[in-house]
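All of these numbers come straight from a predicted model, not from anything done at the bench. To find a chain, count down the sequence lines: A is the first, B the second, and so on, and within it residues start at 1.
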Amino acid sequence: MSVRVRFAPSPTGQVHIGNIRAAIFNWLFARHAGGQFLLRIEDTDRERSTPEAVQAVLGAMEWLGLTFDDVPLYQSTQREAHLAAAARLLEQGDAYRFAKGGEGAEATVFRLPWDAERVPGVVVTGTCEISVHPDEPVIIGREGVRYAQISSKGKPVAEHKCLAGFRDLEVLDAGESVRFRLADKIDEILAGRHTESVAGAARLRFTRRSITYQDQVKGVLAKPLDGLADFVIVRSDGHPVFHLGNVADDVTQGVTHIIRGDDHVENTYRHLFLFHALGATAPQYAHLPMIVNAQGKPYSKRDGAAYVGDFREKGYLPEALFNYLALCGWSPGDDREVMTRAELAAAFTLEKVLSSPAQVDLTKLAWMNGEHLRRRPVSERLAGCRADLVAHGFWQEGMDEGYLLKVIDAMAERIKLYTDMAAQAGFFFTEDYPYDEKVMQKRLRKPGGREGLLALREAWAALPVFTAAALEEALKAAAAAHNLNPSDLIHAARVAVSGMGVGPGLYVMLEVLGAERVRRRLERTLALVPAA
RNA sequence: GCGCCCAUCGUCUAUCGGUCAGGACACGUGGUUUUCAUCCACGUAAGCGGGGUUCGACUCCCCGUGGGCGCGCCA
């Protein structure tokens with residue numbers, strides 16, 4: 001069977017990187033297998049779903065190159081199908097109607113099957129006994145078993161679990177005598193015609209059954225049925241609930257593998273029963289570890305950029321974010337790190353997905369962005385750098401493209417983000433560049449500072465060609481003639497023409513600026529450095 | 001509280017019982033540039049603790065510790 005996976009976000013706000021990472025893993029898995037990657041918009045939460053949020057999802061996916069197959073399925077269009085599924089479950093006896101508190105409108109509740117053994121993955125794990133608080137009655141009815149656990153302080157703690165969790169249930173009192181045997185009343189209870197209340201119980205004895213499945217990332221996972229409760233699938237106001245819609249849509253979309261965050265593992269046990277009750281084969285599941293912050297807590301807005309849009313705004317490349325996120329919880333198994341989407345897809349397998357959480361390291365992301373930046377075609381780099389210069393007023397339409405290109409070439413090795421351009425190379429484009437006062441103090445506002453600049457002005461004014469090599473030769477000659485250290489002149493020149501203490505190699509920088517700009521800038525700086 | 005999951009350098013990771021525990025980011029040192037940076041080379045740095053199993057354990061099992069997730073008529 002050909003692979004079909006899906007990304008199923010609920011459009012309730014911005015797209016979190018944890019979510020988009022799940023989309024990336026699904027995309028990688030699908031592309032690796034030559035299968036289909038589907039998009040489903042789970043927009044049934046009328047209160048919180050917005051068209052803007054849908055656009056945010058679509059925009060983020062397009063930006064990252066997460067191409068999907070087929071048209072997106074909007075879950076809100078499936079309402080009738082969901083209700084039909086609920087009706088079917090009701091008819092089959094896999095669900096019942098129930099009003100909380102016994103009054104008002106009834107919700108539809110899915111019943112974990114009493115004959116659970118017919119569901120693949122359910123196993124009997126043996127006899128189990130649990131202590132219950134004698135002050136609270138044990139109530140056994142169609143909706144399950146209610147009892148009170150005993151807390152460490154001896155207080156009763158209410159529990160409500162599904163009937164299916166308690167096969168062969170016997171309620172015992174402190175004297176070991178059986179006060180109630182489920183087998184005696186099971187038919188009436190299942191039919192909702194009887195509810196048993198047992199006072200003064202001390203223990204519950206029953207045959208424990210567990211639901212198990214093979215998670216493609218975490219291995220065999222299991223959950224005792226007495227840890228599960230029946231759950232609502234259609235609210236009393238008639239709206240289908242997440243569990244129903246999610247599973248029903250996976251059936252209609254023919255999803256073969258569900259790859260999602262491991263905050264969903266508990267849902268998986270429920271969904272396994274739902275798939276079976278709906279007459280479908282359950283898909284394979286793979287649960288991804290979460291991404292966390294430096295404190296090991298779920299990564300959030302407070303940890304810096306958390307939404308796809310934040311990274312885009314800060315100037316990160318989609319290739320870099322994609323690459324970085326793919327490496328959070330997965331590795332190709334060799335030492336490769338900087339990879340293209342195609343390389344990632346070729347190398348991707350669920351086998352290599354880790355099961356432990358990964359911390360986001362923005363520093364490494366920035367490094368990776370620089371690596372990708374350097375691999376982009378010149379035309380794209382030009383556009384990216386120009387955009388940042390435009391945004392900061394350093395560049396306007398009609399200015400010299402050839403000059404821009406030379407600047408970018410000089411800066412290419414040192415910037416990690418396009419958005420570094422304005423701050424690091426803005427001085428190339430304005431004669432009104434600011435001076436870093438600390439650097440001025442260190443390099444120019446000192447004895448001999450002015451003399452150095454004068455020497456440079458004289459040496460460079462006479463140059464027939466304004467090239468890096470000629471500039472270097474002239475600077476060194478001037479240093480020797482004035483009995484100065486060349487490095488003093490180098491630093492003085494840098495701050496004079498750029499206002500900064502850091503930048504590209506000096507001679508290249510000067511050549512790019514050109515004779516006229518350099519001359520003007522020396523004059524401008526000279527005016528600020530009076531004779532001692 | 002109960003259930004489930006997780007645990008290798010500061011961080012991302014390799015290792016699928018036998019390795020000097022490898023790579024990358026970051027950091028440090030040195031070299032190149034009589035240049036801040038880049039670049040290059042080198043270096044510091046790890047198997048949570050305790051028990052087993054085994055000739056041998058980072059790797060398998062158990063207990064502990066720490067962390068995460070779940071326990072809605074939210075998704």
Side-chain angles (χ1 to χ4, degrees), chain A residues 8-10 12 42-45 47-49 75 98-100 104-109 130 149-153 155 157-161 215 218-219 221-224 226-229 231-243 245-246 261-269 287 289-290 292 294-298 324 327-338 351-352 354-368 371 411-415 424 439 443 472 475-476 479 485-491 493-495 498 500-507 509:
Chain A
S10 25
T12 54
E42 300 209 335
D43 58 348
T44 50
D45 187 336
E47 249 101 279
R48 298 192 297 150
S49 297
Q75 189 165 63
F98 175 69
K100 205 171 192 173
E106 293 177 321
T108 305
V109 179
I130 52 185
Q149 253 181 10
I150 304 168
S151 77
S152 52
K153 288 175 184 159
K155 303 265 191 229
V157 180
E159 293 286 355
H160 176 200
K161 303 298 181 194
D215 192 280
K218 292 173 179 291
L221 260 28
K223 179 84 178 182
D226 52 294
L228 257 16
F231 54 93
V232 172
I233 51 176
V234 179
R235 282 190 278 266
S236 50
D237 66 4
H239 282 92
V241 166
F242 162 74
H243 301 292
N246 190 259
D262 70 8
D263 50 337
H264 277 294
V265 309
E266 298 287 329
N267 287 332
T268 304
Y269 304 112
H287 286 98
M290 312 297 284
V292 300
Q295 286 72 241
K297 306 286 181 197
Y324 182 78
L327 258 27
C328 276
W330 175 84
S331 81
D334 50 39
D335 289 337
R336 285 181 294 166
E337 290 199 304
V338 180
E351 252 183 15
K352 300 297 289 181
L354 275 300
S355 46
S356 51
Q359 264 180 236
V360 174
D361 181 356
L362 263 12
T363 306
K364 184 155 186 176
L365 204 212
W367 163 79
M368 185 165 276
E371 293 299 310
M411 298 299 296
E413 289 298 312
R414 47 186 310 111
I415 62 166
Q424 291 185 27
V439 180
R443 305 297 186 188
E472 178 170 3
L475 181 143
K476 285 178 178 167
N485 200 331
S487 81
D488 286 338
L489 287 186
I490 287 169
H491 288 294
R494 176 185 299 288
V495 66
S498 74
M500 296 170 48
V502 299
L506 178 71
Y507 306 115
M509 184 168 106

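Put simply, A:Arg414 has no side-chain N or O that comes within less than 4.0 Å of OP1 or OP2 on B:C39.
Looking at A:Ser355, its side chain has no donor and acceptor atom pair within 3.5 Å of the base of B:C6.
For the pair A:Asn267 and A:His243, the minimum side-chain heavy-atom distance is below 4.5 Å. The closest side-chain heavy-atom distance from A:Tyr324 to A:Asp361 is below 4.5 Å.
Of the listed nucleotides (B:A26, B:G23, B:C73), B:C73 has the atom at the smallest distance from the side chain of A:Lys100.
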Close N/O contacts between protein and nucleotides 9-13 of chain B (under 3.5 Å):
residue : atom : partner  : partner atom : Å
B:C12   : OP1  : A:Gln359 : N            : 3.0
B:C12   : O2'  : A:Leu327 : O            : 3.2
B:U13   : OP1  : A:Gly329 : N            : 2.4

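Taking atom NE2 of A:His264 as the reference point, atom P of B:C5 lies 18 Å away to the nearest angstrom. We find that NE2 of A:His243 is positioned 11 Å from C1' of B:C71, with the value rounded to whole Å. Between the C1' atom of B:G67 and the CG atom of A:Asp262 lies a distance of 13 Å, rounded to the nearest Å. One interatomic measurement links the two molecules: CD of A:Glu266 to C1' of B:G72, which rounds to 14 Å at whole-angstrom precision. Between the C1' atom of B:G70 and the CD atom of A:Glu159 lies a distance of 13 Å, rounded to the nearest Å. As a whole-Å value, the separation of A:Lys223 NZ from B:C2 P is 13 Å.
Projected onto RNA chain B by closest heavy-atom contact, A:Pro9 and A:Gln149 fall at different nucleotides, the more 5' of which corresponds to A:Gln149. Summary of the strand contacts: A:His491 and A:Val265 both lie near RNA chain B, and taking for each the nucleotide with the nearest heavy atom, the more 5' one is attributed to A:Val265.
Checking B:U38 for Watson-Crick or G-U wobble geometry (two distances, each under 3.5 Å) identifies no partner in any strand.
Within 4.0 Å (heavy atoms only), A:Val157 reaches no atom of the nucleic acid at all. Note on A:Leu221: only backbone sugar-phosphate atoms sit closer than 4.0 angstrom, heavy atoms only; bases stay farther off.
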